[in-house]
Amino acid sequence: MSDASINSTGLDGEAQFGDYFALLKPRVMTLVVFTACVGLLAAPVSLHPFVAFCAILFIAVGGGASGALNMWYDADIDAVMKRTAKRPIPAGKVTGQEALAIGLFLSGVSVMFLGLATNWLAAGLLAFTIFFYVIIYTMWLKRLTPQNIVIGGAAGAFPPMIGWAAATGSVSVEAVLMFCLTFMWTPPHFWALALFVRMDYDNATVPMLTVTHGRRATRNHILVYTILLAVLAIATGFTSVGGPVYLTVALVLNALFVKGAWEIWNRDEDQAEADRYLAERRFFKLSLYYLFAHFGAILVEAGLERFGVLA
């Protein structure tokens, strides 16, 4: 446990509701909610709308609990990184003890109520996701290995599988494919970010690939993972969760994604810093839309099939 998370007992002003909500990492929660919704709605079993709403709500709460526990443990890192210095704990709005209590409470509530609302397989997967993100990634891998984001990316890949399990009570090939899509997307997405915020990770002594192996190795990894991701994403178009709409989206986006990775790989290290990071920023921004577009296409395919358009 970090000293900052233990000793942050004083507050810089009175905490507002927004400060506590920020602990839940709402931007990350948006992706969790959306991919979980796709997993649930793409499943071949229809849930009652109220049950479906409860399932997504508790998955979102579980994702938020993970974020709060991550901020509690990483308060020392967040305080020295420009990108995270304004988070509630390093900003002195919320204490580490409050974040820990909120995270533990919401973890228990989300798992228990998801099990009661749907089934215990989904609840078990949610509990494992929280455990994986907090214990395996945050407390262990993040400060230990440059492969932190590769292995730790599994935590962000579980929501569509949880949504599928909530609807069906099982895990199928389709759920695994959605998991793999998110899992393979995570490394190039975060490595592109790490390339143009490398000083943050240097200052925090976090062993990101950019810090331990340098920019050239990071760009090599981005290109390899992007090509593997493109193969997986396009191949998914020929499975039961794919179809013509998905395949069209996958072909266009992955062509752009591979092109962006190639531009990063082919970058001249002698260029001025502003120009050097232009490709990385473009690639990172594209990656923000990449996953939403693919899962949105899966959702469209499920809707077309359910309403008999593709029958």
Query raised in the report: So, does Thr118 use its side chain to make a donor-acceptor pair with the main chain of Gly115 at under 3.5 Å?
Result: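 Checked: no pair found.
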Query raised in the report: Crowded around Phe292 CZ? As in, over 12 foreign heavy atoms under 6.0 Å?
Result: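 Yes, because the 6.0 Å sphere around CZ of Phe292 holds more than 12 heavy atoms from other groups.
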**Report entry** Trp140, CH2 atom: more than 12 neighbouring heavy atoms under 6.0 Å
**Finding:**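 Counting other residues, nucleotides and ligands, CH2 of Trp140 stays at 12 neighbours or fewer.
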I'd like to check [X] versus [Y] (side-chain heavy atoms, cut-off strictly below 4.5 Å). Are they in contact?
X      : Y      : value
Val33  : Ile56  : yes
His294 : Asn254 : yes
Ser110 : Ile130 : yes
Leu100 : Gln97  : no

Query raised in the report: Which other residues belong to the hydrophobic cluster containing Val258, where Ile, Leu, Val, Met, Phe, Trp and Tyr are joined when side-chain heavy atoms lie under 4.5 Å apart, directly or via other members?
Result: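 Members other than Val258 - counting any ILVMFWY side chain reachable under 4.5 Å - there are none.
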Query raised in the report: If you group Ile, Leu, Val, Met, Phe, Trp and Tyr whenever their side-chain heavy atoms sit less than 4.5 Å apart, what else falls in with Leu251?
Result: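 Grouped by the 4.5 Å side-chain rule, Ile234, Phe238, Leu247 form the rest of the cluster around Leu251.
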Query raised in the report: Centre of Trp262's six-membered ring, under 6.0 Å away, within 45 degrees of the axis: is that where NZ or CZ of Arg219 sits?
Result: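 Arg219 over Trp262 ring: no.
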**Report entry** Residue that, paired with Tyr225, satisfies ring-ring contact (aromatic ring centres under 6.0 Å, His included) out of Trp191, Phe190, Phe283, Phe257
**Finding:**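 Output: one option passes, namely Trp191.
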Query raised in the report: Is Lys142 paired with Asp74 through a side-chain N to carboxylate O contact shorter than 4.0 Å?
Result: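 Looking at Asp74 and Lys142, the cut-off is met.
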Show which side-chain atoms of residues 181-188 pair as donor or acceptor with protein atoms under 3.5 Å away, not counting sequence neighbours.
unit_1: Thr182; atom_1: OG1; unit_2: Met178; atom_2: O; d: 3.3
unit_1: Trp185; atom_1: NE1; unit_2: Ser287; atom_2: O; d: 3.0
unit_1: Thr186; atom_1: OG1; unit_2: Thr182; atom_2: O; d: 2.8

Query - Ring centre gap for Tyr137 and Phe132 strictly below 6.0 Å - result: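 When the ring centroids of Tyr137 and Phe132 are compared, they turn out to be at least 6.0 Å apart.
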Query - Hphob cluster co-occupancy, Leu121 + Phe58, side-chain heavy atoms under 4.5 angstrom - result: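 Yes, Leu121 and Phe58 fall within the same hydrophobic cluster.
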